[in-house]
Amino acid sequence: MNETTLILAVESSCDETSVSVIKNGTQILSNEVLSQIESHKRFGGVVPEVASRHHVEGITTTIDKALEAAHVTMKEIDAVAVTQGPGLIGALLVGINAAKALAFAHDKPLIPVHHIAGHIYANHLENPLQFPLMALIVSGGHTELIYMKDHLNFEVIGETRDDAVGEAYDKVARTIGLGYPGGPKVDKLAAEGKDSYQFPRVWLDKDSYDFSFSGLKSAVINKLHNLRQKGEAINEADVAASFQNSVVEVLVGKTISACSNYNVKQLVVAGGVASNKGLRAKLAEACDVNHINLAIPSPKLCTDNAAMIGAAGHYLYHAGVSADMTLNGYNSIDIEQCTITN
Ligand code: KG4
Ligand code: ZN
């Protein structure tokens, strides 16, 4: 039996073209990430058509670089994993077609990976996942609490009813005038301010693990517009700190309560907003007090990358999951449908 598994993974769901080689599900042999941020900056956000074109331009060289950096050839690769969705459809299809071509030409299995499963498995590259676990997903498109009793077993126990947390960050950043990508800029500014504006905390029903951020987002935007209309001074750092405190308090409160009620061994945090300094600090504090084992990937593995797709792809490969050449991309797919029970 071949004791080493090498997965070549491709991720192109949004504005990063990324290819990685992962050994045995945990070891990153290479993780090439070609970011499009500079190109999208002038539009103030990701333009899907522009994103697809950049993926087309970059995908072949990114594959070559990933193989070269890992010092492996396609012959040694066991399977090709690729993000199937959710994401921008045109962007996804570039990665999917490249992965299909590689799998077909080199006669390798093709493994479809759910993008959010990838974000969760980013943790596994640094800290082995310990089951049962609770995953807090905080990205540009998702805010979810997912209970996992084992590998590849996903139960969504709570989700946002409107905006994703990253989306709220980006809109608040735009209204303050910080530009794109907004999340990291609000995070940085928040560190210089204090919670003086007292924005609402939206808890929804007492027993619900669902989230809602659109009311908070509107409260921040309305406050800024009102102050501007009246010609009153705005303390932007305080606005950022007040918004961030409100977001973090609700995220941490609901997550800790979910961890206690589900009696999990580990809390893992995933997605772009997991690199938020305020969230990381408050979660660490709360987990310490509540004796919860916390795992958060280092910032470079929080944002989109193919290494995380390779880590999840490894387990899917060993569970016998594969797709044929009709594999399609989807802008939305339910992660629970990707549950594999052995
Ligand atoms: O997971 P991700 O890279 O892409 C998606 O799958 O959506 O997340 C991107 C989101 C963006 O909304 C970005 O503004 C936000 O993550 N983000 C942050 C921070 N870094 C990235 N939000 C708050 N604080 C940060 N430090
Ligand atoms: Zn993502």
Side-chain angles (χ1 to χ4, degrees), residues 9-18 20 31 33-37 40-41 44-46 48 51 82-89 91-92 95 113-123 135-144 146 159-160 163-176 178-192 213 216-217 220 240-241 243-248 251-252 268-283 296-309 311-312 329-333 335:
V10 179
E11 153 66 39
S12 70
S13 65
C14 190
D15 57 353
E16 254 104 34
T17 314
S18 181
S20 167
N31 187 24
V33 183
L34 184 64
S35 172
Q36 307 177 0
I37 284 180
H40 294 291
K41 256 184 189 163
V46 179
V82 63
T83 308
Q84 181 191 18
L88 302 170
I89 190 68
L92 285 165
V113 181
H114 192 287
H115 182 76
I116 298 301
H119 273 302
I120 295 173
Y121 276 81
N123 282 283
L136 169 67
I137 316 297
V138 277
S139 76
H142 293 79
T143 307
E144 288 174 339
I146 299 178
E159 62 197 329
T160 182
D163 292 358
V165 63
E167 204 178 339
Y169 262 96
D170 292 337
K171 284 187 187 150
V172 165
R174 204 172 307 150
T175 313
I176 298 178
L178 299 175
Y180 160 89
K185 291 182 177 163
V186 174
D187 188 11
K188 196 158 169 253
L189 195 57
E192 296 159 22
F213 294 106
L216 168 64
K217 178 195 71 186
V220 177
F243 165 72
Q244 180 146 307
N245 264 10
S246 174
V247 169
V248 168
L251 284 176
V252 172
V268 307
V269 190
V273 187
S275 53
N276 182 276
K277 291 204 179 66
L279 178 62
R280 292 171 89 99
K282 284 279 160 32
L283 270 178
I296 313 183
S298 47
K300 69 175 189 311
L301 290 177
C302 288
T303 42
D304 291 346
N305 66 86
M308 66 187 200
I309 302 301
Y330 297 94
N331 57 17
S332 140
I333 330 174
I335 194 167

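Numbering of ligands and ligand atoms starts at 1, following listing order.
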Q: Determine whether a donor-acceptor pair (N or O, by modelled atom type, separation under 3.5 Å) exists between the side chain of Asn305 and the backbone of Leu301.
A: yes

Q: Rounded at 0.5 Å granularity, tell me how far NZ in Lys217 sits from CD in Glu167.
A: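 Answer rounded to 0.5 Å: 6.5 Å.
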
Q: What is the minimum heavy-atom distance between Ala173 and Gly182, and which atoms define it?
A: CB-CA, 3.3 Å

Q: Can you tell me which residue and heavy atom of the protein come closest to atom 24 (N) of ligand 1, and the distance to 0.1 Å?
A: Asn276 ND2, 2.9 Å

Q: Heavy atoms only: which of Gly140, Gly182, Ser275, Ala270 is nearest to atom 7 (O) of ligand 1?
A: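 Among Gly140, Gly182, Ser275, Ala270, the closest heavy atom to atom 7 (O) of ligand 1 belongs to Gly140.
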
Q: Looking at ligand 1, does Pro181 have a heavy atom less than 4.0 Å from it?
A: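 Contact absent.
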
Q: Please state whether the separation between the Zn ion (ligand 2) and some N/O/S atom of His119 is under 2.8 Å?
A: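 A backbone or side-chain N, O or S atom of His119 is under 2.8 Å from the Zn ion (ligand 2).
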
Q: Short N/O distance, under 3.5 Å, between Thr303 and ligand 1?
A: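 Between Thr303 and ligand 1, no N or O pair is found under 3.5 Å apart.
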
Q: Between Thr175 and Val220, is there a side-chain heavy-atom distance shorter than 4.5 Å?
A: no

Q: Does a donor on one side chain and an acceptor on the other come within less than 3.5 Å for His142 and Glu159?
A: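 Result is no, nothing qualifies.
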
Q: Yes or no: does Lys277 have any heavy atom under 4.0 Å from an atom of ligand 1?
A: no

Q: Is His119 touching ligand 1 with its side chain, its backbone, both, or neither, if touching means heavy atoms under 4.0 Å apart?
A: side chain

Q: For the residue pair Pro297 and Cys302, what are the closest heavy atoms and their distance?
A: O-SG, 3.4 Å

Q: Gly166 to ligand 1: N or O pair under 3.5 Å?
A: yes

Q: Look at atom NZ of Lys185 and say whether more than 12 heavy atoms of other residues, nucleotides or ligands are closer to it than 6.0 Å.
A: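 Above 12, so yes.
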
Q: What does the angle at the Zn ion (ligand 2) come to, between atom NE2 of His115 and atom OD1 of Asp304, rounded to 10°?
A: 100°

Q: For atom 1 (O) of ligand 1, what is the closest protein heavy atom, and at what distance to 0.1 Å?
A: Gly272 N, 2.9 Å

Q: Got an N/O contact under 3.5 Å between Gly183 and ligand 1?
A: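 By distance alone, the answer is yes.
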
Q: Would you say the Zn ion (ligand 2) has Cys14 as a near neighbour, meaning an N/O/S atom of that residue under 2.8 Å away?
A: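 Under 2.8 Å: Cys14 has no N, O or S contact with the Zn ion (ligand 2).
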
Q: If you measure every N or O of His115 against every N or O of ligand 1, does any of those distances drop under 3.5 Å?
A: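 In this structure, His115 places an N or O atom under 3.5 Å from an N or O of ligand 1.
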
Q: If only atom types and distance count, is the side chain of Asn331 paired as donor or acceptor with the main-chain N or O of Ile89 below 3.5 Å?
A: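 Side chain of Asn331 to backbone of Ile89: no pair is present.
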
Q: Considering non-hydrogen atoms of the protein only, which is the closest contact for atom 11 (C) of ligand 1, and what is the distance?
A: Asp170 OD2, 3.5 Å

Q: Looking only at distances, can you tell me whether any N or O atom of Asp187, backbone or side chain, sits closer than 3.5 Å to an N or O atom of ligand 1?
A: yes

Q: Which residue supplies the protein heavy atom nearest to atom 15 (C) of ligand 1, what is that atom called, and how far is it?
A: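 I find the closest protein heavy atom is Val273 CG2, 3.8 Å.
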
